[in-house]
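Take a look at the structure set out below.
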Amino acid sequence: MKLFLDKQLNTNDKETSILAILNGMYSNKYNHLSTSVSLIGYEMTGKFLKTSNKRERTIIDGIKSAIQSLIVKGIIEVLNQNNDNYIFAGKGLEVNSDKKKFVVLEQWEMQKIFERANKPFNVFSFFCSLIGTVNNQTREWHMSQDEMVTLWGYGKETINDYLEQLEKMQLIYVYRHKKRRANGTYYKLNNSYGRYCDKDAIIAEAQKYSDTVECEDFVEKFDRRAIKLRYNAYCEGAKKYINNFDAKVDLYRQCIAYNKSLKYKPVEGVYEGEYKQGELLDLSVFPDEVRNEADDNWGEPNSMENDYTIEEILDMPAKADIESHGEGYHEFFLHYWE
């Protein structure tokens, strides 16, 4: 069953979900829809919901409240009602693509979200908004999180959470560009996204999109020793990080890159003093809000990106080998291994 949502309607998360399933259930042949809260719940989730289950009861309550608010707003009209049984008029449920623009969804997509999402009404509404931006011809689109915040009213932490859930469900595919704009802003190129089933098309179009923007690959100098010292200072309560959210986020990103770098090139030995080299940093010392905000690239933490392949990195000399050569040789390589 296909679900249709009018792009022009201003509805909240619960109303969006209910309107989508009612539009899917409605048939122009009858000019009305006879249904009930129980049947709506079944079509949304693929099973009859029980009030004895807390999660299912929350969905039932959401259905009831959304129906009432849609009626109050005049978006849908009730011809007759008996408790939780309704006969809806065709108002608001008709699909006329000549006059309106619709987002077209699949019932199984909704059911998967209501089965697995932590906040199904919210995640489904976000999914509708995201899919509504996708180009029907290219099967993908590219929008920054800042634009999503402005258009849809979600915080970045929430957006990252919903994107991660939808990716795990394989309802969307996100292509993360490894490039940034070469206009002096250093902004990363917007990620490309679309339905998971269109993965190949998304990748192809994403690459075409990147060719239309003047970009450069990431080239990042990397000082592991400095990051380790900053990390230890944070753990010891350095004043720099007290009530400084941005500094914590920046350090967390550096620590992620530090841990990834150890996979590319392990380091043997110890620093002078008590801190050992080569051990992964414990990222659990950072609060959840820092870890969520640090991901400004749609679920993918800052990576160690440079001009070299992993194979080239692994072929580079270790620090001990570098220090056995002259000073110039040491300076050329040191920023990769410290």
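Note that the coordinates shown come from a computational prediction; the quantities given were computed from them, not determined experimentally. The figures that follow rest on heavy atoms only: side chains count, while hydrogens, waters and symmetry mates do not.
Side chains of Asp146 and Ser144: no donor on one and acceptor on the other come within 3.5 Å.
Residues Ile227 and Leu251 approach most closely at O-CD1, 4.5 Å, considering heavy atoms. Residue Leu281 comes nearest to Cys255 through the heavy atom pair CD1-SG, 3.7 Å, listed as atom of the first residue, atom of the second, then distance. When all heavy atoms are compared, the tightest approach of Val103 to Cys128 is CG1-O, 3.9 Å. Across Leu105 and Phe127, no two heavy atoms sit closer than the pair CD2-CE2, 3.8 Å. Across Met1 and Ile21, no two heavy atoms sit closer than the pair CE-CD1, 3.9 Å.
A distance-only check finds no donor-acceptor pair linking the side chain of Glu147 to the backbone of Val149 [under 3.5 Å]. A donor-acceptor pair under 3.5 Å is absent between the side-chain atoms of Lys112 and the main chain of Leu166, judged by distance alone. Side chain of Ser125 to backbone of Asn122: no donor-acceptor contact under 3.5 angstrom is found. Put simply, the side chain of Asn82 never gets that close to the backbone of Asn85: no donor and acceptor are under 3.5 Å apart. Between the side chain of Gln107 and the backbone N or O of Glu43, at least one donor-acceptor pair lies under 3.5 Å. Looking at Asn53, its side chain does come within 3.5 Å of a backbone N or O of Arg55 through a donor-acceptor pair. A donor-acceptor pair under 3.5 Å links the side-chain atoms of Thr58 to the main chain of Lys54, judged by distance alone. Listed for the Asn232 side chain is a donor-acceptor partner under 3.5 Å among the backbone atoms of Lys228. Using a distance-only test at 3.5 Å, with no hydrogens or angles considered, no donor-acceptor pair links the side chain of Asp161 to the main chain of Glu157.
Heavy-atom contacts from other residues, nucleotides or ligands closer than 6.0 Å to CG of Asn118 number more than 12. Within 6.0 Å of atom NZ in Lys168, 12 or fewer heavy atoms from other residues, nucleotides or ligands are found, so the atom counts as exposed in its surroundings. The 12-atom threshold is not exceeded at OH of Tyr42, counting heavy atoms of other residues, nucleotides or ligands nearer than 6.0 Å. By the 6.0 Å contact criterion, NZ on Lys73 is enclosed, its count of non-hydrogen atoms from other residues, nucleotides or ligands being greater than 12.
Under the 4.5 Å side-chain heavy-atom criterion for grouping Ile, Leu, Val, Met, Phe, Trp and Tyr, Val104 is not connected to Tyr173 through any hydrophobic cluster. Both Met169 and Val134 are assigned to one and the same hydrophobic cluster, defined by single-linkage of ILVMFWY side chains at heavy-atom distances under 4.5 Å. If you chain together hydrophobic residues whose side chains sit under 4.5 Å apart, Leu39 and Ile60 never meet in one group. Cluster annotation: Ile202 and Leu171 are assigned to distinct hydrophobic clusters (Ile/Leu/Val/Met/Phe/Trp/Tyr, side-chain heavy-atom contacts under 4.5 Å, transitive). Linking ILVMFWY residues whenever their side-chain heavy atoms come closer than 4.5 Å, directly or via other members, leaves Tyr26 and Leu79 in distinct clusters.
The distance from atom CD1 of Ile18 to atom OG of Ser65, rounded to the nearest 0.5 Å, is 8.0 Å. To the nearest 0.5 angstrom, Lys14 atom NZ is 14.0 Å from Gln68 atom CD. The NZ atom of Lys91 lies 11.0 Å from the CG atom of Leu70; values are rounded to the nearest 0.5 Å. Separating the CG atom in Leu93 from the CD atom in Glu77 is a distance of 10.0 Å, to the nearest 0.5 Å. Separating the CZ atom in Phe114 from the CD atom in Glu56 is a distance of 12.5 Å, to the nearest 0.5 Å. Rounding to the nearest 0.5 Å places CE of Met110 at 5.5 Å from CG of Leu3.
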Test log, rule side chain to side chain contact (heavy atoms under 4.5 Å, CB included), inputs Leu5 and Thr11: CA-CA 10 Å; Leu5 270 175; Thr11 52; 5.7 Å; no
- request: Apply side chain to side chain contact (heavy atoms under 4.5 Å, CB included) to Asn191 and Gln145, showing your working.
  value: CA-CA 9 Å; Asn191 293 318; Gln145 287 194 4; 6.0 Å; no
message: Could you go through Lys208 and Thr138, starting from their C-alpha distance and side-chain angles, then the distance that decides it, and tell me whether this counts as side chain to side chain contact (heavy atoms under 4.5 Å, CB included)?
response: CA-CA 10 Å; Lys208 290 181 184 178; Thr138 65; over 6 Å; no
field: CA sep, side-chain torsions, deciding dist, call: Asp6, Asn23, side chain to side chain contact (heavy atoms under 4.5 Å, CB included)
entry: CA-CA 10 Å; Asp6 183 350; Asn23 277 324; over 6 Å; no
- request: Tell me, with the steps shown, if Asn160 and Glu164 meet side-chain hydrogen bond (donor to acceptor under 3.5 Å, both in side chains).
  value: CA-CA 6 Å; Asn160 280 318; Glu164 182 180 356; over 6 Å; no
- request: Determine, step by step, whether Asp288 and Arg291 satisfy the salt bridge (Lys or Arg N to Asp or Glu O under 4.0 Å) criterion, reporting the C-alpha distance in whole Å, the side-chain angles of both residues, the deciding distance to 0.1 Å, and the verdict.
  value: CA-CA 5 Å; Asp288 289 341; Arg291 286 184 279 179; 2.6 Å; yes
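For Tyr241, the ring pair (Phe, Tyr, Trp, His ring centres under 6.0 Å) partners at least two apart in sequence or on another chain are Tyr234.
The side-chain heavy atoms of Arg116 and Gln165, taken from C-beta on, include no pair separated by under 4.5 Å. A heavy-atom distance below 4.5 Å is not found between the side chains of Val37 and Leu49. The shortest side-chain heavy-atom distance between Ser129 and Met148 does not fall under the 4.5 Å cut-off. When side chains are defined from C-beta on, Thr16 does not count as touching Leu9, because their heavy atoms never get closer than 4.5 Å. Counting only heavy atoms from C-beta outward, the side chains of Glu94 and Asn28 approach each other to under 4.5 Å. Here the side chains of Tyr196 and Ile172 are not in contact, with every heavy-atom distance at 4.5 Å or above. Side-chain contact between Glu205 and Asn135 is absent, with no heavy-atom pair separated by less than 4.5 Å. Using a 4.5 Å heavy-atom threshold, the side chains of His142 and Tyr175 count as separate.
Ring planes of Phe88 and Tyr86: parallel class, angle under 30° (limits at 30 and 60°).
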